[in-house]
Amino acid sequence: MTKRILVLPGDGIGLEIVAEAVKVIEALKQDGLDVEMEEGLIGGASTDAHGEPLTDETLERARAADAVLLGAVGGPKWESLPIAIRPEKGLLKIRAGLELFSNLRPAILYPQLADASTLKPEVVSGLDLMIVRELTGGIYFGQPRGVETMENGERRGFNTLVYTESEVERIARSAFDIAMKRGKKLCSVDKANVLEVTEMWREVVERVAKDYPEVELSHMYVDNAAMQLVRAPKQFDVMVTTNMFGDILSDAAAMLTGSIGMLPSASLDAGGKGMYEPIHGSAPDIAGQGLANPLATILSVAMMLRYSLNEPAMADRVEKAVEQVLDQGLRTADIYSEGCKKVGTAEMGDAVVAAL
Ligand code: IPM
Ligand code: MG
């Protein structure tokens with residue numbers, strides 16, 4: 001049966017990088033990939049057109065699709081809008097609306113890019129870790145939230161960090177399942193020395209661990225985890241953590257690999273439906289100039305093939321094609337080093353298609 005992909009380029013470089021990923025999907029269609037693509041608006045582009053960053057109609061189309069390919073959202077043009085209609089809200093609405101609770105953020109160092117990392121090569125060479133970030137709960141969504149004026153006229157702002165046991169259990173299972181398919185090591189990151197909710201998180205993870213006796217489980221406080229990530233990142237295989245800790249740690253992990261422009265992500269529901277997007281943002285400073293690195297988005301297509309479209313062989317092909325263009329010495333500006341050939345967004349996308 002033909003699978004349906006909803007393509008949401010979003011804002012800024014989102015448009016350029018998604019165009020290259022679409023080229024890759026088109027090329028795979030020639031080789032028998034049975035998918036149909038349709039486009040929609042999200043983020044500032046949707047706010048401009050409809051007054052909100054994600055319409056219910058687009059959310060419905062996402063529900064009806066088998067997978068969503070997303071570029072990036074946001075930009076200075078929309079930064080002064082109220083939080084409720086800012087581009088980022090569109091992203092949060094689609095994550096919540098599709099119940100994409102499990103966010104997989106791999107950080108892989110390509111040997112060809114070892115020089116691009118700011119860390120010493122011996123610290124990062126061979127790095128291959130996976131952060132599993134809880135994506136639809138925690139402080140991002142907790143109630144109550146807001147800013148109120150107290151009796152004395154002073155304002156008071158508040159957000160709530162809340163998890164139910166079932167929310168922790170399902171993200172823990174998701175992480176253990178992934179650990180089983182990788183190096184069978186899982187580190188759960190919390191702040192159990194201070195926050196009750198994450199003390200409970202730790203207990204639930206321990207409980208789930210009983211169903212995965214082969215996985216070596218450890219726990220780490222988030223401050224230490226941040227330090228260990230830059231000190232000795234290769235000690236980690238899979239990390240699982242809350243929404244906000246995962247947001248922060250995944251940016252740090254991304255930079256270990258040299259460029260956030262290389263890293264894909266998958267956000268999955270309980271049934272295999274997923275949204276796929278590069279980890280990086282909309283990079284307004286270089287938008288529209290054909291400079292952005294499309295590889296993170298193209299690698300997100302590989303994750304889509306693997307997790308939602310059940311085409312692991314095609315996923316391998318896409319990942320190999322990316323390695324091949326790196327071997328050829330092609331580099332966008334963000335991963336450029338001397339002796340390589342600097343290329344633009346479209347040239348990079350075309351090279352991947354050729355390598356396929
Ligand atoms: C991310 C981003 C988003 C987040 C923003 C854009 C809402 O930083 O996907 O990591 O905080 O989740
Ligand atoms: Mg982030």
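Just follow the structure's listing: the first ligand is 1, and inside any ligand the first atom is 1. In what follows, residues are counted from 1 in the order of the sequence shown.
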What pair of heavy atoms forms the shortest contact from T55 to K93, and how long is it? C-NZ, 4.0 Å
Does even one non-hydrogen atom of R133 get within less than 4.0 Å of ligand 1? yes
Report the name of the N/O/S atom of D247 located nearest to the Mg ion (ligand 2). OD1
So is there a nitrogen or oxygen of E88 less than 3.5 Å from a nitrogen or oxygen in ligand 1? no
Could you check atom 10 (O) of ligand 1 against the protein and tell me its nearest heavy-atom contact, residue, atom and distance included? D247 OD1, 2.9 Å
Could a heavy atom of R105 be found less than 4.0 Å from some atom of ligand 1? yes
Side-chain donor/acceptor of S250 to backbone N/O of D247, under 3.5 Å: yes
Does F236 form a side chain to side chain contact (heavy atoms under 4.5 Å, CB included) with K185? I'd like the steps, not just the answer. CA-CA 7 Å; F236 298 112; K185 266 176 68 181; over 6 Å; no
Do NZ/NE/NH1/NH2 and the carboxylate oxygens of D11 and K77 come within less than 4.0 Å? no
Which residue and heavy atom of the protein sit nearest atom 4 (C) of ligand 1, plus the separation: Y140 OH, 3.5 Å
Specify the closest pair of heavy atoms between A292 and I17, including all atoms of both residues, with the distance to one decimal. CB-CG2, 3.9 Å
Among the heavy atoms of R95, does any lie under 4.0 Å from an atom of ligand 1? yes
Residues in side-chain hydrogen bond (donor to acceptor under 3.5 Å, both in side chains) with K23, at least two apart? E20, D350
